[in-house]
Amino acid sequence: MTPVCPFVKASRPDDGSSRKPGECPEKHAAEHEGGGKAKKESVGASATVSPKCPFGYDSQTFKLGPHSCMICQALLFDCSKCVPCSHVYCKVCISRFKDCPLCGADIERIEADTDLQSVVDRFVDGHARIKRSHVDMDKEGKVGENKKVIYEDVSLERGAFLVQQAMRAFRAQNVESARSRLSLCAEDIRGQIEIAGSTSELCSQLGAVLGMLGDCCRSMGDAGSAVSYFEESVEFLSKLPAADLEIMHTLSVSLNKIGDLKYYDGHLEAARSYYIRSLNVRRDAIKHHPSVSSQTLDVAVSLAKVADVDRTIGNEDAALARFHEAIKLLESLTLKPEEAGLEQRRLSVLEFLNNQLAEKQSG
């Protein structure tokens, strides 16, 4: 699963202004209500307040609260209570322990806590969708007369929050929890697409989230669902401009993952087709970003994947040509001092390629 949140750089689809994530659109489009306390008539008397979670959860900070599992550090999923100490964790997380991680008490048995799970589910459903009745507020942000507070439905913050929770759960191998949060996120974005259309921001977000769902399914051994999610991810990401480096990288990764699943399932020609598509996407990315070293590494990896399939299906000449092309790319790649982290990856791929050639010579 990619560690990059697809909501980090995006703006709301219905907002053409330069407002920051979490700000209300009414801040930029408030209408004058006739109140004499307004600083400018063009701004009007509507005051806006960014919604705040009553438990302090948000997507910008690391927060563990009353609805968090202390093991995976994500929101509780399939809540389970330890007996006799009554500490609560996700079922998948606590099932790995014989003693309570918080107090050390022996776990005699684990019981489902459906009441708490119901509370968590209601919290997740309402998070970042908080709406309040209008109340009066003065220009200092305090409650007063002739001012109204408007709480908006913040889909951007909600999406970032759900992805954050999913990433925590996935890293802790609580894949069902991650899949549940990502499914809610995808549902939200689909709803936005129905309202605003297939904008670049929404397609990018949905494509990335669908790819993460594919990773979840693959981890659970559900190859069929994984392929479906990856293919849908490709469908949305393919609609976006090829000049966007991050989007093209995500697209090529999804294509490669489909190829990997086809390869492991023995469908070599299908795998080769997806690897070729990924390679073409990465070649196009280099045309737009020739100075980005990571793109050269990506092309070399794709060449290796296609060559490996070519060799397996008996097309040895094509395989050798691609191995040599990849080696030439990596040997000519000069990394900048700030790109030292890419050197280990470059050497690893280069070693694999040289071993493939050595294998042919020894054979």
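Note that these values count all heavy atoms, side chains included, but never hydrogens, waters or copies made by symmetry. For the single chain, residues carry numbers from 1 onward in sequence order.
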Check: Is there side-chain contact between Leu342 and Leu333, with heavy atoms separated by less than 4.5 Å?
Finding: no
Next item on the list: Please determine which of Lys305, Arg345, Arg283 meets the salt bridge (Lys or Arg N to Asp or Glu O under 4.0 Å) test together with Asp298.
Entry: Arg345
Next item on the list: Kindly indicate whether the side chain of Arg322, heavy atoms from C-beta on, has any atom under 4.5 Å from the side chain of Leu279.
Entry: yes
Check: Going hydrophobic residue to hydrophobic residue with side-chain gaps under 4.5 angstrom, can you get from Val88 over to Phe123?
Finding: yes
Item checked: Separation of Ile110 CD1 from Ile94 CD1 (nearest 0.5 Å) -> 5.5 Å
Note to self: Is the shortest side-chain heavy-atom distance between His324 and Leu357 below 4.5 Å?
What the structure shows: yes
Notebook entry, point to check: For the atom pair CE (Met248) and CG (Leu237), what is the distance rounded to the nearest 0.5 Å?
Noted result: 7.0 Å
Check: Out of curiosity, Ile286 CD1 to Leu245 CG, how far, rounded to the nearest 0.5 Å?
Finding: 10.0 Å
Item checked: Heavy-atom side-chain contact between Leu213 and Arg179 under 4.5 Å -> yes
Next item on the list: State whether Lys257 and Asp260 are salt-bridged, where the test is any N-O pair (Lys NZ or Arg NE/NH1/NH2 against Asp/Glu carboxylate O) under 4.0 Å.
Entry: no
Notebook entry, point to check: Under 3.5 Å, is there a donor-acceptor pair linking the side chains of Ser118 and Arg122?
Noted result: yes
Item checked: Spacing of Cys100 atom SG and Met70 atom CE [to the nearest 0.5 Å] -> 11.0 Å
Checklist line | Electrostatic pair Arg272:Glu269 at N-O distance under 4.0 angstrom | finding: no
Check: Just wondering, do Met212 and Met167 contact through their side chains at under 4.5 Å, heavy atoms?
Finding: yes
Check: So, Gln117 and Asp121: side-chain donor and acceptor under 3.5 Å apart, yes or no?
Finding: yes
Item checked: Between Tyr275 and Asp308: side-chain donor-acceptor atoms closer than 3.5 Å -> no
Margin query: Applying a strict under-4.5 Å side-chain criterion to I, L, V, M, F, W and Y, I'd like to know whether Leu330 and Val292 cluster together.
Written below: no
Notebook entry, point to check: Only one of Leu329, Ile327, Leu297 clears side-chain contact (heavy atoms from CB on, under 4.5 Å) with Leu350; which?
Noted result: Ile327
Note to self: Using a 6.0 Å cut-off, check whether atom NZ of Lys328 has over 12 heavy atoms from anything other than its own residue.
What the structure shows: no
Next item on the list: Group every Ile, Leu, Val, Met, Phe, Trp and Tyr by side-chain heavy-atom contacts under 4.5 Å, then state whether Val301 and Leu353 land in the same group.
Entry: yes
Check: Got Leu251 and Val234 here, is their nearest side-chain heavy-atom distance under 4.5 Å?
Finding: yes
Check: Which value, rounded to the nearest 0.5 Å, describes the distance between Asn174 atom CG and Tyr89 atom OH?
Finding: 14.0 Å
Margin query: Walk me through whether Asp78 and Cys90 qualify under side chain to side chain contact (heavy atoms under 4.5 Å, CB included).
Written below: CA-CA 5 Å; Asp78 200 2; Cys90 301; 5.9 Å; no
Note to self: Using side chain to side chain contact (heavy atoms under 4.5 Å, CB included), reason through Arg282 and Val253 one step at a time and then give a plain yes or no.
What the structure shows: CA-CA 10 Å; Arg282 291 177 170 183; Val253 168; 3.8 Å; yes
Item checked: Between OG on residue Ser252 and CG on residue Asp284, distance to nearest 0.5 Å -> 11.0 Å
Check: Any side-chain heavy atom of Phe161 within less than 4.5 Å of one from Leu75?
Finding: yes
Next item on the list: Decide whether Ile247 and Tyr274 are clustered together by the hydrophobic rule: side chain heavy atoms of Ile, Leu, Val, Met, Phe, Trp, Tyr closer than 4.5 Å, transitively.
Entry: yes
Margin query: Within the 4.5 Å heavy-atom criterion, are Leu162 and Val209 side-chain neighbours or not?
Written below: no
